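This is a predicted model, so every value here is computed, not measured. Residue numbers begin at 1 in each chain, while the letters A, B, ... track the order of the sequences.
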Number of protein chains: 2
Amino acid sequence: MARLKDVAALAGVSPSVASRVLNNDTQARINENTRKRVIDAADQLRYVPDHRARALRLSRADAIALIVPEVNNAIFSSLHQGVQAVAHDRNSAVFLAQFDAETADANALAQLIGNGRVDGVIVQRNEHFTDDDLIAAIQLDVPVVLVNTRLEGYAGSVALNDREAVELAVNHLRELGHERIGFVAGAPRHDAATRRLEGFRDSMAAAGLTAREEWIAPAGWEAPAGAEAAKTLIALSPRPTALVAASLNTAIGAMRAAHDAGIAVPSELSVVAVQDAWMSEYTVPRLTTVAMPMREAGARAAAMLLDHLAGEPLADELVTEPHPQLIVRESTTSPSS
Amino acid sequence: MARLKDVAALAGVSPSVASRVLNNDTQARINENTRKRVIDAADQLRYVPDHRARALRLSRADAIALIVPEVNNAIFSSLHQGVQAVAHDRNSAVFLAQFDAETADANALAQLIGNGRVDGVIVQRNEHFTDDDLIAAIQLDVPVVLVNTRLEGYAGSVALNDREAVELAVNHLRELGHERIGFVAGAPRHDAATRRLEGFRDSMAAAGLTAREEWIAPAGWEAPAGAEAAKTLIALSPRPTALVAASLNTAIGAMRAAHDAGIAVPSELSVVAVQDAWMSEYTVPRLTTVAMPMREAGARAAAMLLDHLAGEPLADELVTEPHPQLIVRESTTSPSS
DNA sequence: CACGAGTGCACAACCGTTTGCTCTCGCAGC
DNA sequence: GCTGCGAGAGCAAACGGTTGTGCACTCGTG
């Protein structure tokens with residue numbers, strides 16, 4: 001590989017001049033002719049600066065890490081896109097890392113990030129992280145921005161409008177005529193799940209309906225838990241005529257449970273999920289969802305992190321624009337009775 | 001952060017001694033007492049070596065990159081796990097990066113990897129990469145190992161036993177009594193897809209059946225393409241009584257198409273997919289699949305790459321153990337007529 | 001012609017580690 | 001008493017860049 005000094009030698013200048021030219025140093029006074037020679041030389045040698053040296057000298061890696069609990073989660077894809085887009089515009093690379101509190105200790109995150117490998121970290125929390133896990137994990141020497149979660153006393157987060165999303169779901173069901181609405185909740189320890197649950201209670205009340213506690217089943221974020229929870233709710237008598245699921249995968253699990261129990265969706269049970277992804281188009285029936293602006297959340301988190309690296313303070317943001325959006329497909333209809 | 005010289009100062013030695021102690025330099029003669037003091041000092045200051053400086057000095061990043069076209073693909077998850085497990089054992093961090101030939105030019109990969117950010121790269125190819133794209137993309141200054149693809153004249157790959165997988169699927173259908181078997185193929189430009197197609201033709205022949213060309217529809221790797229392809233096949237007369245799909249997502253798309261066309265799976269059409277993931281348990285009906293050892297492939301690729309960094313040559317490997325495994329669920333049954 | 005103000009470039013230090021080599025002891029052998 | 005030697009530790013260069021500062025030179029002006 002060509003080094004800076006090779007470029008400088010070819011251009012007949014010192015490394016310092018070459019450096020200033022290639023970094024567009026506006027302070028420096030460089031002859032236009034010299035500048036050209038350096039640039040030509042760099043082209044000719046296909047010079048690419050060594051990231052290690054640059055990072056060492058500048059105490060900056062030009063890279064951020066996106067830590068997710070489960071890389072293979074559909075909604076995560078758009079989060080990643082948002083982060084990627086912003087980071088790319090600001091010349092920062094994005095490294096993804098999967099990190100599950102279930103299998104790795106808090107120290108592992110520090111190992112992964114190493115010391116100076118990235119300038120900052122964006123963390124998406126999942127159901128397995130307790131607050132303490134999370135606090136332990138973010139004891140890094142770089143700034144951390146949390147996505148879809150907040151931590152008491154910790155600044156640096158981007159949250160989604162969970163309440164509004166659930167409200168859309170409830171109101172949709174209410175308008176269809178449902179009154180007995182159940183809720184497949186997320187893990188109680190996750191504050192976003194808590195917000196969705198509160199949103200459910202509140203919007204039920206606002207719609208003039210009662211949220212019956214036995215129709216609320218805690219699940220988690222994944223399909224098996226959703227199936228279990230739905231199985232319980234279905235067995236009740238009277239049972240709900242509609243279900244709101246706090247996440248897409250639990251909704252898929254719920255549909256599975258309904259099918260296995262011989263209950264037809266949507267004619268006997270309507271299902272609506274919070275969060276959307278391509279799979280919603282491929283379930284039978286197609287799933288009615290409330291799409292959350294995950295891409296925007298990712299973009300906002302990346303922007304906040306990169307701004308912070310440039311000197312701005314961290315903050316707790318709420319993504320209000322675009323709003324969560326109801327996407328009516330086939331899994332919801334009016335109650336039969 | 002504590003630096004090496006801080007540790008040295010606290011222990012009352014020079015940085016060089018501290019370095020040798022902390023790196024377990026066996027050549028160096030260090031007094032046992034001194035050694036203890038250094039280690040204590042490092043503990044006390046929670047010293048973590050700076051990766052930037054280390055990487056610069058050693059020309060080694062202790063990290064590898066895993067490049068995938070679509071991070072949000074279920075089968076990719078186990079690939080990642082395999083890579084992660086091996087890398088972890090060998091003290092290398094794994095960075096994930098999404099890189100799609102559709103949206104990014106070849107240069108982008110070099111940008112992403114930068115120069116010296118990682119020691120090597122594992123690349124999973126998708127349908128959008130032409131051979132030329134792939135060749136362009138892997139012109140890096142670090143070694144590259146390809147997963148599930150091979151390139152003429154390029155050594156460094158781990159392939160899966162595509163033929164055996166398809167053979168399992170075909171034989172399963174044959175044993176159920178199917179004779180009119182269609183194939184939802186991958187993109188023709190992907191060599192793994194080609195191998196699966198050849199495997200289909202060969203195993204059909206071996207089973208005493210004819211693979212009719214009009215029952216072979218090229219799709220890709222994703223659900224919409226699978227749905228399109230299946231729609232075409234279903235419209236034929238006579239139409240196949242069973243479908244082998246070259247990937248999980250196309251199979252999901254095929255099931256969608258069948259449902260939309262009013263064709264019942266499995267009674268009127270059996271479907272079996274190559275590749276398995278959690279979603280197979282959540283389709284209606286549950287999907288019969290052939291699980292490929294993706295985790296093992298990831299582990300082998302990582303091992304090959306890290307071995308290569310230690311001086312071993314790259315090779316072209318085929319994962320034969322464990323074998324692809326047929327998982328019979330609900331989407332296949334004997335033909336009705 | 002002398003002087004000051006620019007202009008254009010090079011020198012050298014530094015980021016934090018690693019590592020070949022040198023240096024300084026203390027001690028044994030002759 | 002001098003030399004040789006091994007143990008133990010420090011010096012300094014190097015990895016590849018960036019950047020504050022200094023130096024030499026040109027040119028315009030009084």
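Here the side chain of B:Asp89 pairs no donor or acceptor atom with the backbone of B:Val86 at under 3.5 angstrom. When atom types are taken as modelled, the side chain of B:Arg117 and the backbone of A:Ala61 share a donor-acceptor pair closer than 3.5 angstrom. A donor-acceptor pair is defined here as one N or O able to donate and one able to accept, closer than 3.5 Å; such a pair exists between the side chain of B:Asp119 and the backbone of B:Asp62.
Annotation: A:Glu152, atom CD; neighbour count of heavy atoms from other residues, nucleotides and ligands within 6.0 Å does not exceed 12.
Side chains of B:Asp50 and B:Arg54 form no contact here, defined as non-hydrogen atoms less than 4.5 Å apart.
Separating the CZ atom of A:Arg37 from the P atom of C:dG8 is a distance of 13 Å, rounded to the nearest angstrom. We find that CD of B:Gln27 is positioned 16 Å from P of C:dT18, with the value rounded to whole Å. Atom CG of A:Leu56 and atom P of C:dT18 are 12 Å apart (whole Å). C:dG8 atom P lies 14 Å from atom CG of A:Asp25, rounded to whole Å. Straight-line distance from the CD1 atom of A:Ile30 to the P atom of C:dG8: 9 Å, rounded to whole Å. A straight line from CZ of B:Arg54 to P of C:dT17 spans 9 Å, rounded to a whole angstrom. Note: CD (A:Glu32) to P (C:dG8) measures 10 Å, nearest angstrom. In this structure, the CG atom of B:Leu4 is 9 Å from the C1' atom of C:dT18, given to the nearest Å.
Closest approach of B:Gln84 to B:Val94, counting heavy atoms only: OE1-CB, 3.3 Å.
Contact footprint of chain B on DNA chain D: nucleotides with an atom under 4.0 Å from a non-hydrogen protein atom, first to last in 5' to 3' order, D:dA7 to D:dG16.
The phosphate of C:dG8 has neither OP1 nor OP2 within less than 4.0 Å of any side-chain N or O from A:Thr34. Taking 4.0 angstrom as the limit, B:Asn23 places a side-chain polar atom (N or O) nearer than this to OP1 or OP2 of C:dT18.
The 5' end of DNA chain D is approached more closely, in terms of each residue's nearest nucleotide, by B:Leu58 than by the other of B:Leu58 and A:Ser19. Sequence order on DNA chain C of the closest nucleotides to B:Pro15 and A:Arg57 puts A:Arg57 first from the 5' end. Toward the 5′ end of DNA chain C lies the nearest nucleotide of A:Ser14, the other residue of the pair B:Val48 and A:Ser14 mapping further downstream. Between B:Arg35 and B:Ser59, the residue anchored nearer the 5' end of DNA chain D, judged by the nucleotide with its closest heavy atom, is B:Arg35.
Tested against B:Val123 for a side-chain contact (heavy atoms from CB on, under 4.5 Å), the candidates B:Val68, B:Val144, B:Leu66 yield a single pass: B:Val144.
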Per-nucleotide protein contact string for nucleotides 20-27 of chain C (B base, S sugar-phosphate only, - none; heavy atom under 4.0 Å): BB------
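Salt bridge B:Asp131/B:Arg125: present, at least one basic N to carboxylate O contact under 4.0 Å. Between B:Arg90 and B:Asp307, at least one side-chain nitrogen of the basic residue sits less than 4.0 Å from a carboxylate oxygen of the acidic one, meeting the salt-bridge criterion.
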